[in-house]
Structures are given as structure tokens and as C-alpha cells.
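In what follows, chains carry the letters A, B, and so on, assigned in the order in which the sequence lines appear, proteins first and then strands, with residues in each chain numbered from 1.
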4 protein chains.
Amino acid sequence: MPKPPPTSDRRAELLLLAAALFAERGYKNTTVRDIADAAGILSGSLYHHFDSKETMADEILRTFLADLFREYRAIVEREGDPRRAFEQLVHASFQAIDNNHSAIALYQNEAKQLRQSARFAYLDDTDREFREIWLGTLEKGIASGAFRADLDATMAYRFVRDTVWVAVRWYVPGGKLTAEAVSAQYLSMILEGFQSREE
Amino acid sequence: MPKPPPTSDRRAELLLLAAALFAERGYKNTTVRDIADAAGILSGSLYHHFDSKETMADEILRTFLADLFREYRAIVEREGDPRRAFEQLVHASFQAIDNNHSAIALYQNEAKQLRQSARFAYLDDTDREFREIWLGTLEKGIASGAFRADLDATMAYRFVRDTVWVAVRWYVPGGKLTAEAVSAQYLSMILEGFQSREE
Amino acid sequence: MPKPPPTSDRRAELLLLAAALFAERGYKNTTVRDIADAAGILSGSLYHHFDSKETMADEILRTFLADLFREYRAIVEREGDPRRAFEQLVHASFQAIDNNHSAIALYQNEAKQLRQSARFAYLDDTDREFREIWLGTLEKGIASGAFRADLDATMAYRFVRDTVWVAVRWYVPGGKLTAEAVSAQYLSMILEGFQSREE
Amino acid sequence: MPKPPPTSDRRAELLLLAAALFAERGYKNTTVRDIADAAGILSGSLYHHFDSKETMADEILRTFLADLFREYRAIVEREGDPRRAFEQLVHASFQAIDNNHSAIALYQNEAKQLRQSARFAYLDDTDREFREIWLGTLEKGIASGAFRADLDATMAYRFVRDTVWVAVRWYVPGGKLTAEAVSAQYLSMILEGFQSREE
DNA sequence: CATGAATGAGTCTTCATTCAT
DNA sequence: GATGAATGAAGACTCATTCAT
């Protein structure tokens, strides 16, 4: 009989279950007991690992955001060309949807409510940095001539942000459509538009 | 002393309050007492008008959806040109965000959970018709040459759908930005793309 | 268009409806609104006729009990022969089940609970008189040699009381079995017993 | 310091309390808090053991009915002589009133209402088997000449059924009158009748 | 680490009753 | 007499959390 895995693994395992449930049913609709049931333990036992339901959500979000921003920052630091930076941001985002599906769904669906609690105030910072990265890239692209000069950068930022992240609602990790493919399609639509070029 | 409004107005009034709260705090996070408080009555008194919290959400959604589809259908029936139909659909959608902000927020944020209950099964039909209208218009546009031949219609449909509706999260009815203006900007971005035309 | 009937008739009408519902669903399970619905009015409107739900039950019971005891007293006063008095009491009781079915059901099923409220304290007097009448008749019958000398009068009293009144649970007024017929059968069983006479 | 009883005992303990209250005050009149108070815990804590008030009633009834029918079946299978079978059925019934007083009171008083809910539909089966056992025994007794040939078996069945069970209303377990004694008295009355034998 | 029992605050809902119109 | 809106008290049930074992 193999020994149970060390503590920290168990935590991660539980967080994965929790994230999946939060994503699927919503944070409020997921009870601590749901999570415990999924883990095959009693609800009270969860409190040996986490001191509250909020803590679980917190940890899920922090982990995901740390990962995402590490990537984002690497991209904008490494990539001088705004158009290519943009493409890589989009790509990294869809990759994240693929890898951290539950966490992103949680973020998308619950951030607004969670943010109201002091504990999640850091989500405001997150938004700010998020905005800086994307908006900065778009503005550089406009300045460099890569993007249309008449583009309203703020509006474009919202547009892209929403478009990319909302995909978490329909994208199925491990499904037929790879993150790669979706990313390419999105870029093509966003960059070139729907309209056929009348030459 | 102004006369109190007739009966049915009271219902509508309460639904408006409920919708605003559902939109702001989420369905689950809004208590029946929150709604009653907002209306200045006791929570039990709400049950004089509605037989459950669910009924309120139901009525809010049905009313909004009926309105929206009336418009959508009128557009696709009236407008032969797919490009113009598309523009009008986008326009009507932003107009709806302006007029029915709370209901749309409720729909966007809670439909997934509500749909699980038999009572809201009709949301599946709604989705189907929604898809038919938008996808049909996009496909006609591709066929007519208005839209790029290499456009993946299904993907484009998702793209537009998400893009348009998610705007409910940041659009402020009665704010500086009119629905008209946002609609125009969106169309410009979607149709022409971000990329500057290299002529 | 005929005028609506005068007040007191309306009261009686409402009491009939209430009694039927109390009997069918139980007192606690019948809401004031159920009664109002049955009468085709709103629940608040009932309070023009009765000042409480309790009042309705009270009135139903009092009316029935007054009727019943009027008959009971007449029988024991009129009829000298205990055996014939007994038969007439049984008969009158089944007749009452036929005529006041709802009221008796209410009495049978709810008296125990209602009695706890001071308002229904008179039910204790009722029981006492009830007991005197039946037990008296049985004892006279034993003394006169009409009933078995070794009969435990108290036990016999309980036996008859229960036997007769519980019939309200299955007796259907206006059904195939008349009160007359049931009464005769009961008497035959009670008086002669199940056992075949081994002569 | 005595150890607290094992788990399943706690359930049984709570059911006993609940049954007593249901029997005493009626199902509807007994609040979940009443039960919890009687157990010295908070009302919400009851839900650790039972998932609803209905479940408690259900479990109480099922347990009692299973016990009773086990006995009934044993009697009719074992005892060939209808007269003796009849006596034993009566005896077992009064014994049950002694042992399961609360459950029987609950059954007597609330079955009619509970039966309306699908959850308690099995009570119809119970009634059917109940009827088969008693009616069968009576009919065999009539055929064998043990009971009067002119006895209306169906009516006699109702008569006995009601007579026996209604005793739950006045029989006090542990009182002066033993189940044994009551049973004997009842049998004497039912079998021989009130009437003195005119030899 | 986990169990099982319990807490306590809160949620939706019910319902008898009141009252201005 | 009746309506329609509301009250207020209570009821069943939920759930995050605690804690002795």
C-alpha cells in the first residue's frame, strides 16, 4: 500500500478540485461540502488544509495570476516589436485558458464579487498591471504604424480583453480545438477584421 | 398626494429593483431581503407579488429576451443585405445593453447556473435561435462576399457574441459613452481589424 | 340577476367550505387562503366575516356539538329502556356522521390539539357530558340485565365511542352505504359479537 | 464520565424524541426546533442526522410498520386456526401500541395527510397488506364457522381495525392497564358482544 | 489527518392578520 | 363586502466553521 502523498501535494490536489467546482457551479453555489465530497473526505476535514473557503479561492487566483503575469512580463520585456508582442500576449492568454481553465473561469465569473472583500483587493492591482501591459502594447503598435492610427486604444483594449478571456466559457481544454488554433483564428479576426478586402 | 401606481406597475417596479441587485451582486448573493429592503418593504411582502426569488429572475429574463428577439427577428426579416443586417444586429445589441442593462448582466452572469434548473430550460432554445440569427447573417455575408471568404463562421459567431455581450460589464448606461458610439467603434474594429492597411 | 344572499347565509356558506377543508386537509394544513380561494374571494376578505381562523373552527364545532347533544339528551330523556336508548344513540351518531361529516372529522382529528387553547376548553365539558350519557346508558343496561354483567363499563364506553366516531374516516356521505345500514351492522356486531353461537 | 453512545444510537435517540413530539402535538404542529430543543441541540444540527423533517417521519413509520408486519405475517403463517389467529392479531396490535406508542399515534393521526406526498405512497401498500391479513383471517373464520355466518366481513374488518388502533389515543404505556388486559377485554367484547346471553 | 457532532448566523418561504381604499 | 398591499412572526433548511476524539 503506497503511502499517501506529502502534505503540499494534497493541498494542490484539493485546490484543483475546488477550482473545478468553483468554475463549474460558481463560488457561492459550491459548498465546502461539495469540495470535500469530491475529495472523498468530510467537510470539516478540509479545515486541516485551508482555514476557509475564501482561502481556497484566494490561493487559486493568486497562483494563476502569478503564472500569467510572469509570462506577460517576459513577453513585453523580451519582445520589442509591438505587433509580435501583441500576438504573443494573445497566444499566452489562450494557452493559459488551456492550462488553468478553472482558475480563469473563477476569475472571470467571480472576481467582481470577490473584489469587494478586502482580502481580494489585490485584484485591483492585477487589473491595473493587466491594463498597462495590453494598453501599452496597443499604443506602441499604433505609434509604430502596426495598428490603425484611428484605433481608440482604450476601446480596443477592452475589446481584446473581453474577447480573449470570455473564451473560457466555451473553450474545452483537451477538445478538438487546440489553444494554438483558437489563438491563430482570433488574431486573424482581430487584426484583419471580418470585411473582405476590396482591392 | 400622488396616487400610488396601479398594481401591475408595482410588480414592474420590484422587478427593476431585483434586476439591478441581481446584476450588481449576483443572483445567489442577492437575498430576498436585499430586494425587499430596496423596495422599502419586508421580505415576506415580496411574496405577495412573486412566488419565489426564481420567479423574479425568470420574469426579468423572459421580458428582456422577448424584447431582444422581437428586434433581432425584425432586423433579419427586414434587411436583405447581410452586412447591413450585421451592423444592425450589433447596434440593436448595444442599444439593449443600454436599455436593459441589469437583465443582460443577469443573463450574462447567471444563465449558466440557472439553465441547470428545469425552469430555465428555455434558455437553451434562446441560445439556439440566437445562434441561428447571428451565424446565419455571418454565413450570408461570407457567401455574398461582404465578409472574408476564409472566415470561420462559427468562430466568428462566438467572437462577436462574446465581444458584444461582455460589454455589459463595463458599459455604463447614461455615461459619457453612448450605445451609439460604442456600437460604431465596435463595428469598425470587428469589420476592419486592428491592422493598418498596408497599401 | 338575483341579489347575493343575506349576510348570515354567507357566513354559513363559508363555514361549510372551511369545515370541508379542515376535514380534508387538517386544520393546520388548511390556510386561510385555501378557504378564501374555495369561496372565490381574497384571504383578507374572510376577515369581514370571521375575526380569525380559530373562530371558524370554533363555530363549526359549537354548532355541530349543540346539534348532537340536543339529540343525545332527547334520547336519554325520552327512552327509558337502556338497550333501546343505546341503539338510538348509535343510530343518532351515524346519522350525525352523515349530516355533519366535516365537523365530525374536524372534531375527531383536531380536538386534541385545539383543546390545549383556552378558547376550546369547553371541549372538556363536552367530553364529560358525552361520557355521562354513554356510560350512564351502558351502566343502566348492565344493571337491567340487557348487557352482560361482566362487561367493564368504562372499557365498553371507550370501545363504542372510538368505534362509532372513527367511522367518519371511511364513511362517505351520500355513498352506497347509508347511515341506517351502517348503524344496523354496527349494532349487530357490538351487541351480538363476532362469535357464532354454539347452541 | 460515561462515553457518548455510538453514532447510530444518536439517530435512534433523536427519532424517539421526534416520534414522541409528533404523536403528542401532531406532525405539522411540531417544529424542527421543538425536536432539537428536546434533544438539547440547535435546530440546524438536526440536519446533520436527517435531511428533512419528512425523513424523520418516514423513518419512524417505516421502522414501526416493518416490525408490525413481521409479527403479523408470522402469526398468519404459523397459526392455522382463524379464531386463534384473530386473537393473536389483536394481541399483537395492542402489544404494538404498548411498544411503539408514538409511531402508531403518528400513523393514526397523520397517515392521511402524509400519504398525499409521493414519498409516503408506500402507505397504500401497507394498507393493502393490512387489509389482506385481517380480512383474510375474518373470512377464514366465517368459513370455518368460528365467526357468525351473517357477519359482513368487510364491515367487521373496518370495525376491528378502527377499534384496535384508535385505542392509541387513550392507552397509556406503562399505566395501570396492561396491553395484555386491554387485549383480553377487547377480544371478549368483540367476540361475545355486549348483549347478555338469554339462555 | 480525518471523523462526527454540533454551532450560529442566515436564507427562502409561509401564513394569519391588518388596513387604507 | 371586497381588494390589494403589506406586516411580523415563525418555520424548514443551508452552510461555513469549530472542536473533541
### Query
Does a sphere of radius 6.0 Å around CZ in C:Arg33 hold more than 12 heavy atoms from other residues, nucleotides or ligands, not counting ones at 6.0 Å or beyond?
no
### Message
Around atom NZ of A:Lys112, are there more than 12 heavy atoms from other residues, nucleotides or ligands closer than 6.0 Å?
### Response
yes
I want to check one thing: is the phosphate of [N], taken as OP1 and OP2, less than 4.0 Å away from some side-chain N or O of [X]?
X: D:His48; N: E:dA5; result: yes
X: B:Tyr47; N: E:dT13; result: yes
X: C:Arg11; N: F:dG1; result: no
X: B:His49; N: F:dA6; result: yes
X: A:Arg33; N: F:dT14; result: no

Base paired to [N] (Watson-Crick or G-U; both N/O distances under 3.5 angstrom):
N: E:dG10; answer: F:dC13
N: E:dT21; answer: F:dA2
N: E:dA16; answer: F:dT7

#### Entry: Flag for A:Asp51-A:Thr55: side-chain donor and acceptor within less than 3.5 Å
yes
Would you indicate which nucleotide in [options] comes nearest to any side-chain atom of [X]?
X: D:Ile41; options: E:dC12, F:dA16, E:dA6; answer: E:dA6
X: A:Lys53; options: E:dA5, F:dT17, F:dA12; answer: F:dT17
X: C:Arg10; options: F:dA12, E:dC12, F:dA2; answer: F:dA2

Base, sugar-phosphate alone, or nothing: which one does [X] contact when heavy atoms must sit under 4.0 Å apart?
X: D:Ser43; value: base
X: D:Ser45; value: base
X: B:Thr55; value: nothing

### Task
For residues B:Tyr107 and B:Ile60, determine if any side-chain heavy atom of one lies less than 4.5 Å from a side-chain heavy atom of the other.
no
Rounded to the nearest Å, what distance is computed from the [atom1] atom of residue [X] to the [atom2] atom of nucleotide [N]?
X: B:Asp58; N: E:dC12; atom1: CG; atom2: C1'; value: 17 Å
X: A:Asp37; N: F:dA16; atom1: CG; atom2: P; value: 12 Å
X: B:Leu42; N: E:dT11; atom1: CG; atom2: C1'; value: 16 Å
X: D:Asn29; N: F:dA12; atom1: CG; atom2: C1'; value: 15 Å
X: A:Phe50; N: F:dT18; atom1: CZ; atom2: C1'; value: 18 Å
X: C:Leu14; N: F:dG1; atom1: CG; atom2: C1'; value: 11 Å
X: C:Asp9; N: F:dG1; atom1: CG; atom2: P; value: 11 Å
X: C:Leu46; N: E:dT18; atom1: CG; atom2: C1'; value: 14 Å

### Task
Test B:Arg115 against every option in B:Asp58, B:Asp127, B:Asp125 by the salt bridge (charged side-chain N to carboxylate O under 4.0 Å, His left out) rule and name the one that passes.
B:Asp127
### Message
If you assign each of D:Gly40 and B:Thr31 to its closest nucleotide in DNA chain E, which residue comes earlier from the 5' end?
### Response
D:Gly40
### Task
Name the residue closer to the 5' end of DNA chain E, choosing between B:Ser52 and C:Tyr27 according to the nucleotide with the nearest heavy atom.
B:Ser52
### Task
Please determine if C:Lys53 forms a cation-pi arrangement with C:Phe22, meaning its NZ or CZ atom is less than 6.0 Å from the six-membered ring centre and no more than 45° off the ring axis.
no
## Note on the structure
By nearest-nucleotide position on DNA chain F, the 5'-leaning member of A:Val32 and B:Gly44 is B:Gly44
